[in-house]
**Q** 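To start, I am sharing the structure in question, which I have written as C-alpha cells.
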Number of protein chains: 2
Amino acid sequence: MNFFEQTGKMAIGSRLRLLTGRITDDSAMLYQLYGFDLTPKWFPVFFVLSQNEALSITEIAQQIGHSQPSVTKIIKEMTKAGLVKSNLKSADKRQNLVGLTAKGKLLAASIQVQYQDVAAAIEDLENQATYHLWEAVAEWEFLLDQQSLLSRVKQQRKLRESKDVTIVGYSPKYKKAFKELNEQWITKYFELEQADKDAINHPQSYIINKGGQILVALYKNEPVGVCALIKMDHPKYDFEMAKMAVSPEAQGKRIGYMLGTAIIEVAKKAGATYLYLESNTKLTPAINLYYKLGFEKIPSSPLLISGQISIWN
Amino acid sequence: MNFFEQTGKMAIGSRLRLLTGRITDDSAMLYQLYGFDLTPKWFPVFFVLSQNEALSITEIAQQIGHSQPSVTKIIKEMTKAGLVKSNLKSADKRQNLVGLTAKGKLLAASIQVQYQDVAAAIEDLENQATYHLWEAVAEWEFLLDQQSLLSRVKQQRKLRESKDVTIVGYSPKYKKAFKELNEQWITKYFELEQADKDAINHPQSYIINKGGQILVALYKNEPVGVCALIKMDHPKYDFEMAKMAVSPEAQGKRIGYMLGTAIIEVAKKAGATYLYLESNTKLTPAINLYYKLGFEKIPSSPLLISGQISIWN
DNA sequence: TTTAATTATATAACTGGTTATGCAAATTTA
DNA sequence: TAAATTTGCATAACCAGTTATATAATTAAA
C-alpha cells in the first residue's frame, strides 16, 4: 500500500473505501460458508428486525443510518426471499410496518453461531493490533459530530491565510484603499454623510494629524482591510475606533479580528484606557467581532452600540 | 450510533461504510469550496498522475488499488474535463499511456494549498483522538494480508466446534459406528482385506481383549470418529495406532488431532514409549496429521509411512 | 514460424448505495 | 373545520464502484 504513504492522511476516504470493500467481500463469502441465504447489505436491516417485533421503514432507516429508499429496496428483496412480511397492521395508514417471518426468525436464531465466530475473529484480530479500528471509528464519528470535516478544513484555511496577513501603519499609498474600502461597505448599508466623506477622503488631515492612527491589513501585499483610531475629546474615552472595513473578497481570514487587536494595542501604547465605538446593531457579524474584541454595550442607546474596552486594566 | 453498540464489532463493515460516505461527501464539498473542478473519485488517479509524467491504465489501477475498468472510466471523464491527455506514444500499442495536460499540471500545483489544509485538519483531528484511525486502518490491511477475515472466521469456527467434541472410551454401543466409519474410508481408497474385516466387525475380541484400546469422538453426542491402539508383540513398538476414521461430515473440527493426542495419552499411561503406524502416502491430509502428532517416517519403506512417537521421552 | 497463451484495454451489465420527487395520509394552523 | 404543512413511503434516476467479456496486440511455445 505504498500509494497511501505517498498521499498521506488526506486520502483517508479512499483508504477506508478499499478496506470496507475488502471486509464486505469476505462477509458475503461468510454467509455462503455458513449456508445462510443472506447478503452483507441485508445485515443491518435483518439485525434490527431480529431485535424488534415490528418497525416502520423510516424507523429502520434511522436506526441503521441508511436512507429510507435504501431500506425500502432491501425490505422488498427480503420479502421476496421470505424473510420479512410487510404491511402489518398499523394505526397510521402511511406506515409500512415490517417484521420477520417465521423463516426469518428461525434464521435469526440459527445465525447466532456465525455472529459468534465473526465477533471472535474480529476480537482476536483487534487483540493482535496495537491500534484499534473499532474504537478509532467510533471516535471519528464523535469528533465529526462535534465539527464536520468540512468545517475543520475551513478553520485550517483561515488559520493558514491569516499567516499571510500583515498589519502595517498608514502611509499615503493606502489613501485610495482607505477611501474605497470604507465607501464600499458604508454605501451598502447607509448613506454617506459629510463627516464620513471628509474622513475617508482626507485621512491624513482629518484623522492622523488630529492625533489619531490608521492601520492597514495587507493580504499578499494588497491592502484588503483598514481601521482607524480617532482622537476624542472626552473625559472617559481617549479614542474612538472607527472606519473599520474589510474587502468582501478577503472575508473569512480573520482580518477584522487582527485589525481590531492591533488597533487596541496601538491605543494601549498611546496610553488609552477606554475606547469608544459606534455601530448599528443590524450589522450582526461586526457586532460579534466587537464583543470578541472586548467591547461592551452601553445600555442607554438602543439602536447603536457604543462601547468600552474592558479587556485591559 | 446506538445501533453499532448493539451489533458489536461484527458490523465493522457497515460502520466503516457509513464513515467513508460521510468523509467522501465532505471531500466533494471541499473541492467546491476551493473552486477546483475535481471530484473525490478522481483524486487517486489525479494524484498518481501528478507524481508521474505518464502511466498506463493498468499501472494506475494497480497503484491506487482500483479495478482497471474503474480507471478507464475516470480517465475518460478527466479527459473530457481537459485534465488528462490519453493515448500518448507508447512502444506497446495495446497500452493507453496517459498523463496530465498543462491544465492538469496547473491544477496539481494550485491544489497543494487544499491538500495542506485537509492534511492539517485531519492531523488536528487525530491529535484530539485517543485512538488513531489512520494507523488502525494500516494495521488491519497488514493483518488481513497475512490472513483474510474469511480464514480467521473459519479458524474460530473450528475452535468453537472442537469444544463440542468429547473423546470417550469404547463401549458396545459404538460397535456399529466403529464398523461403518472405518468401512467408509477404507473402501473409498482400497479394498477391504480379511484382517480389516475381522478388526472392524469384532473390535472387542480382536482389539480390546488382546490388550488394545479404542477411543470414540462424539460430536453433539453422536459418534463421528474412532481410533484404535492395537497391542504389538515387537521389541521396540508397544502398540500400533490404527483404524483412525473421521466422518466426512465432521471434517474440519480437528477431531483427528483430538483423537490422536488422546490415544497417545492412553498409550503413555499404558507404559508405551514407541508407537507404530502404517499409512499410504497418498493420504496426504492424514500424513500431515501424523507428523503433527509427532510421528516420524521410517526411511526403509517407500510406499508406507510407519513411525514412532518421538514427542515424548 | 505458426499457434497458443497472455496482456492491456474498452465496454456492458450489475451492485449497493444515494438524492429527487410525487402521492397519500396525518397533523398543525388559521 | 378547511387549508397548509409535514410525514411516510415508493419510484425513478443517478453514482461510484464492481465483475464478466470481447478484441487487439504482444509474448511464449510447439
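Every chain is numbered from 1 and lettered A, B, ... according to where its sequence line falls, protein lines coming before strand lines. The model shown is predicted, which means the values in this text are computed figures rather than measured ones.
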**Q** How would you summarise protein contacts on nucleotides 11-18 of chain D per nucleotide, using B for base, S for sugar-phosphate only and - for none, with heavy-atom distances below 4.0 Å?
**A** B----SBB

**Q** Return no unless some side-chain N or O of A:N96 is found under 4.0 Å from OP1 or OP2 of D:dA10.
**A**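 So the side chain of A:N96 is within the cut-off, an N or O lying under 4.0 Å from OP1 or OP2 of D:dA10.
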
**Q** Given the structure, check if the side chain of B:R94 and the base of D:dT26 hold any donor-acceptor pair shorter than 3.5 Å.
**A**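 Absent.
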
**Q** Do B:Q155 and B:Q147 have side-chain N/O donor and acceptor atoms under 3.5 Å apart?
**A** yes

**Q** Quick test of your reading: applying salt bridge (charged side-chain N to carboxylate O under 4.0 Å, His left out), list the pairs with at least one residue in residues 70-86 of chain B, sequence neighbours left out, ordered by first then second residue.
**A** B:K41-B:E77

**Q** Within the supplied structure, the quantity of interest is the number of heavy atoms (other residues, nucleotides, ligands) at a distance under 6.0 Å from A:D164 CG; does it exceed 12?
**A** yes

**Q** Are B:E141 and A:R22 within salt-bridge range, i.e. N to O under 4.0 Å?
**A**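 No salt bridge links B:E141 with A:R22.
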
**Q** Measure CZ/B:R22 against P/C:dT18 and give the value in whole Å, please.
**A** 14 Å

**Q** Could you check how far CD of A:Q95 sits from C1' of D:dT6, rounded to whole Å?
**A** 14 Å

**Q** If we only count heavy atoms from C-beta on, is the A:S279 to A:I287 side-chain gap below 4.5 Å?
**A**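 With C-beta onward as the side chain, the pair touches.
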
**Q** Rounded to the nearest Å, what distance is computed from the CD1 atom of residue A:I57 to the P atom of nucleotide D:dC9?
**A** 6 Å

**Q** Rounded to whole Å, please give me the gap between CD in B:E59 and P in C:dT9.
**A** 8 Å

**Q** Can a salt bridge be assigned to the pair B:K105 and B:E53 using a cut-off of 4.0 Å between side-chain N and carboxylate O?
**A**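 A salt bridge links B:K105 with B:E53.
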
**Q** Whole Å only: how far is the NZ atom of A:K93 from the P atom of C:dT27?
**A** 12 Å

